[in-house]
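Working notes, structure below.
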2 protein chains.
Amino acid sequence: MQTSPHTTKERILTAAEELFARHGFDGASLRQLTAAAGVNLAAVNYHFGSKDRLIEEVFRRRLDQLNGHRMTALSRIAGQPQTTLEDVLAAFIKPALELSHEGSGSLFMRVLARAFAEHDDTLRRFLSENYGHVMRQFTVEFARLLPDLSKEELYWRVDLVTGALTHAMSGFGMIQRKSDVTERMHREQTAEHLIRFAAAGLNAP
Amino acid sequence: MQTSPHTTKERILTAAEELFARHGFDGASLRQLTAAAGVNLAAVNYHFGSKDRLIEEVFRRRLDQLNGHRMTALSRIAGQPQTTLEDVLAAFIKPALELSHEGSGSLFMRVLARAFAEHDDTLRRFLSENYGHVMRQFTVEFARLLPDLSKEELYWRVDLVTGALTHAMSGFGMIQRKSDVTERMHREQTAEHLIRFAAAGLNAP
DNA sequence: GTCTATAGGAGGATAGAC
DNA sequence: GTCTATCCTCCTATAGAC
């Protein structure tokens, strides 16, 4: 796998991420995208085979990292008696928040929000097959900490939490950081907001 | 305004709603759309002027009705001392749920979820100018019932509730109705789920 | 009001030179 | 690996007959 940020492949992926976030998968053309990356039009088909495979690689690059961090964080707390609901939510949310505040990854959550809205079967199958196990592992842990919820109730609430977080982190309603607050503090505060809200929702009577 | 469901305009709007929900605003072409409506290709430009104006009319048709119902429900309870958070949430959620279970409007919430993901400035300005007052009225009432929340906290939580509901009602995670449950009962149960979750989230410590 | 036909351009993909 | 040139399909929009 290529990881240097200077290869043609990486340049295409970065430009594609931004343009898919701003204009959607259909709305961003290979012509715009290759122009923004400073590479030739034919490079996409040479390196990725097709636009659809490029879209998959845009997800893979970020989700491998994001879900890796999530699983690492979860594995440190899963099954332990002193683990709280807030701990599990933090393991899920904080890696995404770190990603969405990195310069190079700040637009990815918007791409992810678009993918949810798309309802595209091919894309959903790709995401489910490659990253479905992450949601399942988190759900197992939520179930352990919320033993009074029926399976149906739990799925409902996890889904609502997912919706709230995707919406929030896609930057739609993200409250702007004030100039007297550091980037790191702002991220901490945002995480606290999201975790408090999600924990209360999951714990509803 | 045309309200008969048999006019060319209405046939186009209904077909457009379904195709925009399934394939997105860019993904659905005027050719697909007019073929599905059983009208001529040129009819869209004759009746609406352009594809963009058609998109606006798709929103207007449903949002006028949806937000009318919401405002009516809110006006019955706003400012009254016995009104609960759950009452206000019901006024917001139930009209949307009724719409999303009507045969003809079941796909509109997916169109709305796409609009959120789009981040398109023109579309967002259109929605804000025409329907922004609804969100503001509801927020006033939430503020009255949650006097301990700072303005910032309140906006955060209302935004998270919006995200959760849009996600849920766009049918992404909508739990299927079982055959021994009537449509009406299922809608009531869904509303209870959403309201309980949202009230708990808004009320978080 | 509704049709056919077409303009005029953008799209993804590829062949073949370098 | 990278380029140019091009194929062919699809798009929105409109002109003009009925």
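Side-chain atoms are counted along with the backbone in the values below, which use heavy atoms only and exclude waters and symmetry mates. In what follows, every chain begins at residue 1, and chains take the letters A, B, ... in the order their sequences are listed.
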* Indicate whether OP1 or OP2 belonging to C:dA10 is found under 4.0 Å from a side-chain N or O atom of A:Ser29. =>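 No, no such contact exists.
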* Within less than 4.0 Å of OP1 or OP2 of C:dG1, is there a side-chain N or O belonging to B:Thr8? -> no
Polar atom pairs between nucleotides 13-16 of chain C and protein, under 3.5 Å, N or O only, would you list them?
residue : atom : partner : partner atom : Å
C:dA13  : OP2  : A:Lys51 : N            : 3.1

* Asked: With sequence neighbours excluded, what pairs up with A:Arg110 under the side chain to side chain donor-acceptor pair (under 3.5 Å) test?
  ->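 If we apply the side chain to side chain donor-acceptor pair (under 3.5 Å) test to A:Arg110, skipping adjacent residues, there are no hits.
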* For A:Thr139, what residues pass the side chain to side chain donor-acceptor pair (under 3.5 Å) criterion, not counting sequence neighbours? ->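 In terms of side chain to side chain donor-acceptor pair (under 3.5 Å), with neighbours along the sequence ignored, A:Thr139 is linked to no residue.
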To the nearest angstrom, how far is [X] atom [atom1] from [N] atom [atom2]?
| X | N | atom1 | atom2 | result |
| --- | --- | --- | --- | --- |
| A:Asp26 | C:dG12 | CG | P | 9 Å |
| B:Lys9 | C:dT2 | NZ | P | 11 Å |
| A:Leu33 | C:dG11 | CG | P | 11 Å |
| A:His6 | D:dG1 | NE2 | C1' | 19 Å |
| A:Leu19 | C:dG11 | CG | P | 12 Å |
| A:Arg11 | D:dG1 | CZ | P | 15 Å |
| B:Phe48 | C:dG1 | CZ | P | 13 Å |

For a quick test of your reading: what N or O donor-acceptor pairs under 3.5 Å do the side chains of residues 193-203 of chain A make, sequence neighbours left out?
residue  : atom : partner  : partner atom : Å
A:Arg196 : NE   : B:Pro205 : O            : 3.3
A:Arg196 : NH2  : B:Glu153 : OE2          : 3.2

* Structure fact -> So the salt bridge (charged side-chain N to carboxylate O under 4.0 Å, His left out) pairs with at least one residue in residues 137-146 of chain B (sequence neighbours excluded) are B:Glu141-B:Arg144
* Who are the ring-ring contact (aromatic ring centres under 6.0 Å, His included) partners of B:Tyr131, not counting sequence neighbours? ->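 Partners of B:Tyr131 under the ring-ring contact (aromatic ring centres under 6.0 Å, His included) test: none.
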* Asked: Does a side chain donor of either B:Thr84 or B:Asp87 reach within less than 3.5 Å of an acceptor in the other side chain?
  ->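 Judged by distance alone, the side chains do pair up.
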